[in-house]
Structure formats: C-alpha cells, structure tokens
Amino acid sequence: MQKILFVTNNKHKLQEARQILSGKFEVLSLKEIGFEGDIPETQPTIEGNAIQKVRFIYDRYKTDCFADDTGLIVSALGGEPGVYSARYAGENATFEDNMNLLLEKMKDIKDRKAYFVTVIALIKDGKLYTFEGRVDGVITTTPRGEKGFGYDPVFLPDGYDKTFAEMTAEQKNKISHRGRALEKLAGFLLK
Ligand code: IMP
C-alpha cells in the first residue's frame with residue numbers, strides 16, 4: 001500500500017483521514033517521522049495556509065506529503081471566522097471558547113447560513129496540487145452532540161437533522177468538507 005504523510009498535529013483530522021483513505025493508503029503522521037513542534041500558519045487565505053504547511057515539511061523531509069487548512073465561513077458575519085477559525089477567540093483559545101464567541105456574535109442574527117471549506121495542498125514528486133471540499137449548512141443556536149471537534153456541535157449540514165457532533169464519524173466523513181477534499185486527493189493519487 002502507498003504511504004503518504006499528513007502534515008498535521010491534530011489527532012481528530014488524522015483519524016478522519018485514516019478512516020477515509022483506509023484500504024487505499026497508509027497515512028503517516030508527523031509523530032511517525034519524528035517531527036514535533038508547530039508549523040507556521042501565517043497566510044491571509046485558507047489555500048495559502050495549506051500550501052505554507054505542506055511546503056514547510058516538504059522542504060525539511062523531501063517526502064511526498066499533504067496538509068489541509070479549514071475555515072468556517074458565516075455569511076452574516078462577513079465570512080468570519082474564516083481563516084481565523086482556529087484562533088477566533090484569541091491565540092490560546094479552546095474549541096469551546098471559539099464556539100461560544102461565535103454563538104454570542106450570532107445571538108440576534110436570523111440568517112444562520114454557513115459553510116466549511118477545506119483546502120488540501122499536496123506535494124508529489126516535487127509538484128504542488130490543491131483540492132477543495134465544501135459543505136453548506138447553518139449554525140445552530142446552542143451546541144448539540146459530543147463527537148467530532150472544533151465547531152462540529154454548532155454546525156448543522158443542509159438536509160440533515162443532526163449536527164456534525166451528533167453524527168458518527170462515518171456519517172460526517174461522507175459529507176464533510178474534509179471528507180470531500182480527501183476523496184479528491186485519493187482519486188488523484190490512485191489515477
Ligand atoms: P485548521 O487551521 O485547518 O486546523 O482549522 C481551523 C479551525 O477550524 C480548527 O481549529 C477548528 O476549530 C475548525 N475546524 C477545522 N475542521 C473542522 C471540522 O471538521 N469540524 C469543526 N471544526 C473544524
């Protein structure tokens with residue numbers, strides 16, 4: 001089976017990628033190649049951050065790898081939290097802090113439309129490729145569910161009555177932003 005390195009320190013993302021690519025690829029983590037530390041994420045766009053992360057590791061290890069960057073885009077907030085999704089409530093904010101800030105900012109807002117977008121950047125044989133996945137939905141008024149991570153408890157995908165945090169991993173992965181981007185990545189790598 002082909003091996004591919006996922007440039008992430010997020011155990012939830014790693015688990016999702018392993019589930020989606022299982023049987024097709026062995027997904028290696030940064031820990032497995034001995035990298036510990038932070039990866040810079042200082043670009044003004046989601047695509048820019050995905051590319052920055054993958055280049056950072058490729059330049060050091062010269063091995064095929066991919067990185068993802070995700071943002072939650074809320075239309076009534078002019079696209080916030082967007083590229084700042086991870087640190088919406090501040091540099092050391094927890095998932096809960098970010099989610100609470102979002103709910104607070106939206107407490108009087110009726111238009112709850114939002115989407116998640118993931119950009120995956122891949123470097124293979126020295127060449128850069130990108131793949132995008134998106135899922136549309138609405139922001140709930142209170143958090144629901146214990147599974148998943150990040151903003152999952154307040155994101156209700158269109159056409160479903162469960163938030164991402166109430167779904168099983170399989171259900172979320174089938175329709176999620178990251179699931180869709182990973183399927184495109186797998187299609188490209190297997191072609
Ligand atoms: P990152 O920069 O790609 O790690 O993502 C930024 C932030 O978006 C994360 O810290 C999470 O708060 C949020 N996020 C990313 N992916 C998901 C997801 O699948 N569900 C919910 N929140 C997510």
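One-based numbering, in listed order, for ligands and for the atoms of each.
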Worksheet item: Which heavy atom in L101 sits nearest to a heavy atom in Y88, and how many Å separate them?
Response: CD2-O, 3.5 Å
Worksheet entry | Carboxylate-amine/guanidinium contact D68 K13, below 4.0 Å | yes
Worksheet item: When the ring planes of F131 and F188 are compared, do they come out parallel, tilted or perpendicular, using 30° and 60° as the limits?
Response: tilted
Worksheet item: Should the pair Y151 and F116 be assigned to parallel (<30°), tilted (30 to 60°) or perpendicular (>60°) ring geometry?
Response: tilted
Practice prompt. Return yes if a side-chain donor-acceptor contact under 3.5 Å exists between T42 and Q52, otherwise no.
Written response: yes
Worksheet item: Can you tell me if Q19 and N173 form a side-chain donor-acceptor pair at under 3.5 Å?
Response: yes
Short N or O separations between ligand 1 and the protein, below 3.5 Å:
residue	atom	partner	partner atom	Å
ligand 1	2 (O)	E41	OE2	3.0
ligand 1	2 (O)	D69	OD1	3.0
ligand 1	3 (O)	K13	NZ	2.7
ligand 1	3 (O)	T70	N	2.9
ligand 1	4 (O)	K13	NZ	2.8
ligand 1	5 (O)	T70	O	3.4
ligand 1	16 (N)	R178	NH2	2.6
ligand 1	19 (O)	K172	NZ	2.8
ligand 1	19 (O)	H177	NE2	2.9
ligand 1	19 (O)	R178	NH1	3.2
ligand 1	20 (N)	D152	OD1	2.6
ligand 1	22 (N)	Y151	N	3.1

